[in-house]
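Below is one structure, written out as structure tokens; comments come after it.
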Amino acid sequence: MTRPYEQRFAWNLDWNLLRTFMVLVDEGGITPAATFLGLKQPTISSALKRLEAQVGRRLINRSSTHFSVTPLGEVLYREACTIFGTVMQLPTLLDGAEDKVTGHVAIALASHVISPHLDAVLERFNIQHPDVTYSLSIAESEDVIGRVAHNRVSFGICLVSHPAPKLEYRVLYREYFGHYCGPGHRLFGKSGLKLRDLRGEQAVSFQTDTAAGPLFELARLRRQAEMRPDLKGVSSSLSEVRRMIMTNVGIGALPVHIAARDVAAGRLWQLPPETGLPAIDIHMVSNPARTLNRAEAVLTDMLIREITEVPLSERSYS
């Protein structure tokens, strides 16, 4: 049963303050939030004070050199994201009331998601439903899962190491990572190499390549080759990891099916090991609590059917 205080709070709350607070946390400060929203800094500060007054608690700890979200602020931020995601859905839910499949599909993906099966489903779906619109965004896998959990995207495609509760996970495809070097490296073009030939080499990798990250197998492979333990360069973007490899910043691991074209063109050279490569699963992550518009529902069903009907062995790229 809703208490009188809760009823008054919902009716008296300025909902725009929640949007401003969400952007403030996303951007990590008053100044960047003001820039993002096109407002002046005092306006953002005033909105935060008003929201804190209505909530009756401090939401942000801030000074000239410090910015952090309080535990209560974290709770409010999560709920604000959920509310914002629901409001974003309203236009497409209304569009979905028509007979034909319309609406908008928002997909968040990790940077190295390259899958012929995903592309084939998107192509078929777009041919069948030409009035649907799309937005595809690239983020780190942890952020992709966060956007799905906060109901800000239709679904996500990414690595998964620590599954968030209440979300659904399906393996879309499996990829294998191999070691590569660029044309300027001393090992480029050499055949008959052994894993020991990589001993002491500099390495570059992805930011999720940590003991607790979804690409921890890559770190294990480096240790096996006795490469230098400290990474020379890191990035969350596959294209930037590829750039560091090609410019000889260090040896790095890339999905074999993605690197194949560069190998054929003489831009990369695959290094040992040739067998027993790390297998990494890429997941489709969805939120069962999300109310799907017709476009989202049909595309989601098509992807799930692809995952269900095509054996994983055929969705494994090496």
Side-chain angles (χ1 to χ4, degrees), residues 108-121 138-142 144-145 155-164 167-181 193-198 201 203-227 229 231 234-242 244-245 250-264 268-286 303-304 306-318:
L109 309 96
S111 70
H112 55 80
V113 171
I114 296 181
S115 166
H117 289 85
L118 171 64
D119 294 348
V121 171
I138 301 298
E140 293 185 35
S141 292
E142 185 175 326
V144 170
I145 293 174
F155 57 85
I157 300 176
C158 62
L159 298 159
V160 176
S161 57
H162 304 293
L167 300 184
E168 293 181 345
Y169 304 86
R170 298 175 176 87
V171 177
L172 178 60
Y173 68 93
R174 177 171 292 165
E175 60 187 6
Y176 294 84
F177 278 73
H179 275 143
Y180 296 89
C181 68
L193 294 172
K194 304 298 182 182
L195 194 61
R196 61 175 178 270
D197 293 313
L198 277 61
E201 288 289 339
V204 300
S205 194
F206 298 87
Q207 289 179 341
T208 48
D209 171 0
T210 64
L215 293 179
F216 70 93
E217 286 290 340
L218 304 188
R220 181 191 61 79
L221 190 62
R222 282 198 309 278
R223 290 194 299 271
Q224 183 182 350
E226 297 184 26
M227 298 172 68
L231 292 172
V234 296
S235 176
S236 61
S237 166
L238 180 140
S239 62
E240 299 310 319
V241 172
R242 171 180 173 271
M244 288 189 288
I245 298 171
I251 291 172
L254 294 171
V256 174
H257 73 290
I258 297 176
R261 182 177 297 181
D262 284 323
V263 171
L268 291 174
W269 185 257
Q270 187 168 2
L271 300 168
E274 297 180 357
T275 60
L277 299 178
I280 307 296
D281 289 341
I282 306 300
H283 293 75
M284 174 188 177
V285 185
S286 56
L303 273 172
I304 293 175
E306 182 82 5
I307 292 170
T308 303
E309 296 178 355
V310 178
L312 180 58
S313 59
E314 296 182 19
R315 292 180 281 115
S316 298
Y317 311 139
S318 59

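Positions are given from 1, in the same order as the sequence printed here.
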query = Below 4.5 Å, heavy atoms only, C-beta onward: do Glu168 and Ser286 meet side chain to side chain?
reply = yes

inquiry  = Which heavy atom of Tyr169 sits nearest to which heavy atom of Ala164, and what is that distance?
reply    = OH-N, 2.5 Å

inquiry  = Contact between Leu303 and Leu118 at the side-chain level, heavy atoms closer than 4.5 Å - yes or no?
reply    = yes

request  = Compare all side-chain heavy atoms of Gln270 with those of Leu277 and state whether any distance is below 4.5 angstrom.
outcome  = yes

query = Under a 4.5 Å cut-off applied to non-hydrogen side-chain atoms, are Leu221 and Pro273 in contact?
reply = yes

request  = Could you pull out the closest heavy-atom pair between Asp281 and Leu159, with the gap in Å?
outcome  = O-CD2, 4.0 Å

ask   = Looking at Glu314 and His117, what are the two nearest heavy atoms and their distance?
value = O-CE1, 3.0 Å

message = With heavy-atom distances below 4.5 Å as the criterion, would you say the side chains of His162 and Ile145 are in contact?
response = no

key: Separation between CD of Glu240 and CZ of Phe206, rounded to the nearest 0.5 Å   = 10.5 Å

task = Check whether any side-chain heavy atom of Ser141 lies under 4.5 Å from a side-chain heavy atom of His283, and answer yes or no.
result = no

key: Residues Ser237 and Ser235: side-chain donor-acceptor under 3.5 angstrom   = no

key: Arg315 side chain vs Val171 backbone, donor-acceptor pair below 3.5 Å   = yes

message = Give me the atom names and distance for the closest heavy-atom approach of Tyr180 to Leu254.
response = CE1-O, 3.6 Å

query = Which value, rounded to the nearest 0.5 Å, describes the distance between Ser205 atom OG and Leu231 atom CG?
reply = 6.0 Å

request  = Evaluate the side-chain proximity of Pro116 to Tyr317: yes if any heavy-atom separation is below 4.5 Å, no if none is.
outcome  = yes

task = Check for a donor-acceptor pair, side chain of Arg174 on one end and backbone N or O of Leu312 on the other, with a separation under 3.5 Å.
result = no

Side-chain donor or acceptor of Ser111 paired with backbone N/O of Leu238 under 3.5 Å = yes

Leu172 CG to Ser115 OG distance, which is reported to the nearest 0.5 Å = 4.5 Å

CZ on Arg223 to CG on Leu218, rounded to 0.5 Å = 10.5 Å

key: Rounded distance (nearest 0.5 Å) linking atom NE2 of His112 with atom CD1 of Ile280   = 8.5 Å

key: Where Val144 and Cys158 come nearest, the two heavy atoms and their spacing   = CG1-SG, 3.8 Å

request  = Apply the test side-chain contact (heavy atoms from CB on, under 4.5 Å) to residues Glu201 and Arg222: give CA-CA distance (whole Å), side-chain angles for both, the deciding distance (0.1 Å), then the verdict.
outcome  = CA-CA 9 Å; Glu201 288 289 339; Arg222 282 198 309 278; over 6 Å; no

inquiry  = Testing the basics here: between Leu198 and Met227, what is the closest heavy-atom pair and its distance to 0.1 Å?
reply    = O-CG, 3.4 Å

query = Between atom CD of Glu274 and atom CG of Leu195, what is the distance when rounded to the nearest 0.5 Å?
reply = 11.0 Å

inquiry  = Side chains of Ser316 and Tyr176: any donor to acceptor distance under 3.5 Å?
reply    = no

remark   = side-chain hydrogen bond (donor to acceptor under 3.5 Å, both in side chains) pairs touching residues 251-264, sequence neighbours excluded, are Arg242-Asp262, Asp262-Arg267

